[in-house]
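Following: one structure in C-alpha cells, then a few remarks.
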Amino acid sequence: PKTKKVFGSDELLKIFDLSRDEASLEAFVEVVHPEDREFDLYHINRGLEHGEDWDIEHRLLLKNGIEKTINAIGRVIKDENSNIVELVGTVHDITEKKKKEEELKKKQNQLQAIADGTQAIIYLKDIEGKYLLINKQYENLFHVRHEEIIGKTDFDIFPKEMAETFQANDKKVLESKTPLEMEEVAPHDDGPHTYISLKFPLYRLDNELYGVCGISTDITERKKMEEKIGTLSNALEHSSAHAIITDVEGNIEYVNPTFSKQTGYNMSEVVGKNPSLLKSGKTPEETYEDLWETIKSGNEWQGEFCNKKKNGELYWEQASISPLKNNTGKITKFIAVKQDITDKKIVEEDLLRFSYEDGLTGVANRRTFDKVIDREWGRALRSNSPISLIMLDIDHFKAYNDHYGHQQGDTCLKKIANQLKKEIRRSGDFVARYGGEEFSVVLPFTDSNDASKVAEKIRKSIEAQKIPHEKSE
C-alpha cells in the first residue's frame, strides 16, 4: 500500500479505458465520476486505515465522455503482524445491468402510478398468499402501508372468515390457471362493502406460476340500487299503472307488463331506446323541456302526454316522473309511473265541445250564439259597420217528426246544418242552432241587401236537397 502500485487484468484496464503504462491508483481514482469520487475514496481509505473490506457501486467517467457503472469489491490482505500489505478486489462492469434495472424501475413506477390513480383496489400475492404489492386505494381503505403488508397474508389483515374466503378464491384462480370474477365482501369503516373482483394468475418469463393479481371494484352502491330496483320492479310487475325505468340519459332499462299491454311494445323492443319512440307529435316540445329541467334538478315532474302505440293508435296518459338517487344524492336513474287517461280525456273533450257545440248537428249551440252576437254587435257599433242576422225555421217540422219519427227528424236537422256550413264559408261568418228546428246565421260586415241574397241562396240550396215530406201540404 505504501508504494500504491496497482496490478490489474486486461479487463480491468479495458473497463477504466487505461493503458498498462497509465495504471496507477491516482489514474484509477481520476476515472471515477466526480460526483462519486468522494464516496469511492472514503471506502478505499477505510480499507487502508482500518482494514475494512468493501462492496460498492459507483460510476466512471471515461476520457471519451462515456459513463459506466461498476461494482467494486475490495478486500484487505494483512501480514502476520496485522499490517496491511495488499488491497485485492474485483471490478464488474454493470452498466447494462443498471440500465435494465432503471428501465424496469421506471416501468414499475409507471405501473404503480397507474395502480395508485385508480379507484379500484389492486393487489399482488404469491402462491402462498403473501402480499407482494398493493396500491394506494388499498392502503387508504384498509389502513395499512405498502411496506407493512409485504410478506403478510389476508389473515394478518382481515377477520378469519373473510380471509378464508379470499384465499379460497385465490386458490381457485391458481388451480384453474385462468382469470375468474367473483363477488367478495370486505370490511370498511362504515360497514361491509361488496366488491366485484377480477383475479388472474401471474407468470414469470419462464412461464412459472408465481402468484395472483386482483383488481377489486366497490359495487356496494350498485348492489343497493339493484336491490332497491328489484323491490321496486317486483311492485311494478303487478301494478295497474305502466312504468318505465331509465338511466340518467333517458335510455330505457326496464318496463313493466302493463306498459307492454298498453303500448304494444315488449321489453326487448324498447330496452336501450328512448321513451321518445312513443311520441305522437301532439305534445308540445315545451312540455318535454319542462320535464327534463325539473327531473335533472332532482325534483318530481307531473303532467300529461298524448302518445302513440306501436300500432299507431293515439292515447293519453298522466305521468309522474321522479329521479332515483344514491346515498350521496347523485341521480342514477329516472322512474316514470303512468296512468292511461284516454277515456277521461275523451269525456273532457266531449264536455268542452258540448259546452259550445250543438251535440246533434255539430254547429254552435245557443249559448255560443249569444256570446258571438254580443261580441259582433259591439264590434259593429264601435266600427260603425253593418251586421246582419238570418233566422231560419223549418216549416211543418212537428208534422215531419210525427210522420217519420224522431230519428228521421234528427237526420233532417243534420242535413240542414251541413248545408248551412257548406254555404256559409266566409271567414267571420257564424252558424248556430238556435233551438229546436231554428237556426241562425251571423254575417259581420254585411248589409240587409247582401244578407237577403245569402238567405235566398241558403233557401234554394236546402230546397235542392229534396228532403221528402208527405205531410208538408
Inset, instruction - Please work out which of the three classes, parallel, tilted or perpendicular, describes the rings of F142 and H188, given edges at 30° and 60°. - result: perpendicular
Legend entry - Separation between CD1 of I70 and CD1 of I56, rounded to the nearest 0.5 Å: 7.5 Å
Legend entry - Sidechain N-carboxylate O distance under 4.0 Å for D410, K414: no
Inset, instruction - Check whether more than 12 heavy atoms from other residues, nucleotides or ligands sit under 6.0 Å from atom NZ of K421, and answer yes or no. - result: yes
Inset, instruction - Mark yes when over 12 heavy atoms from residues, nucleotides or ligands other than E293 sit less than 6.0 Å from its CD; otherwise mark no. - result: no
Legend entry - Candidate pair Y138 and Y131, rule ring pair (Phe, Tyr, Trp, His ring centres under 6.0 Å), full reasoning: CA-CA 12 Å; Y138 192 111; Y131 279 91; 5.6 Å; yes
Inset, instruction - Provide the closest heavy-atom pair for K309 versus Y315 in the form atom of the first, atom of the second, distance. - result: CG-CD2, 3.4 Å
Legend entry - S452-N449 side chain donor-acceptor pair, cut-off 3.5 Å: no
Legend entry - Distance-only donor-acceptor check, side chains E221 and N326, under 3.5 Å: no
Quiz: residues 375-386 side-chain donor-acceptor pairs under 3.5 angstrom, not counting sequence neighbours:
unit_1	atom_1	unit_2	atom_2	d
E376	OE1	R379	NE	2.9
E376	OE1	R379	NH2	3.2
R379	NH1	S385	OG	3.3
R382	NH1	G378	O	3.3
S383	OG	R379	O	2.8
S383	OG	S385	OG	2.7

Inset, instruction - May I ask you to decide whether E304 forms a salt bridge with K345, counting only side-chain N to carboxylate O separations under 4.0 Å? - result: yes
Inset, instruction - State whether Y288 and K279 meet the cation-pi test: NZ (Lys) or CZ (Arg) under 6.0 Å from the six-membered ring centroid, and within 45° of the perpendicular axis. - result: yes
Legend entry - Donor on one side chain, acceptor on other, D218 and H193, under 3.5 Å: yes
Inset, instruction - Write down the atom of A319, the atom of F305, and the distance for their closest heavy-atom approach. - result: CB-CE1, 3.6 Å
Inset, instruction - Run the salt-bridge test on E456 and R459 with the 4.0 Å N-O cut-off and return the result as yes or no. - result: yes
Inset, instruction - Would you indicate whether H406, at its atom NE2, is surrounded by more than 12 heavy atoms from other residues, nucleotides or ligands within a distance under 6.0 Å? - result: no
Inset, instruction - Considering only NZ, NE, NH1 and NH2 on the basic side and carboxylate oxygens on the acidic side, decide whether R425 and D429 come within less than 4.0 Å. - result: no
Inset, instruction - Apply the test ring pair (Phe, Tyr, Trp, His ring centres under 6.0 Å) to residues W301 and F334: give CA-CA distance (whole Å), side-chain angles for both, the deciding distance (0.1 Å), then the verdict. - result: CA-CA 11 Å; W301 181 89; F334 297 110; over 10 Å; no
Inset, instruction - Answer yes or no: does atom NZ of K308 have more than 12 heavy-atom neighbours from other residues, nucleotides or ligands under 6.0 Å? - result: no
Legend entry - Counterpart residues, side-chain hydrogen bond (donor to acceptor under 3.5 Å, both in side chains), relative to Y265 (two or more places apart): none
Inset, instruction - Would you please name every residue forming a salt bridge (charged side-chain N to carboxylate O under 4.0 Å, His left out) with D170, sequence neighbours left out? - result: K125, K199
Legend entry - Note: E463-K460 ion pair, threshold 4.0 Å (strictly below): no
Legend entry - Salt-bridge present (K160, E164; N to O < 4.0 Å): yes
Legend entry - Inter-residue atom distance S448.OG - I387.CD1, 0.5 Å rounding: 13.0 Å
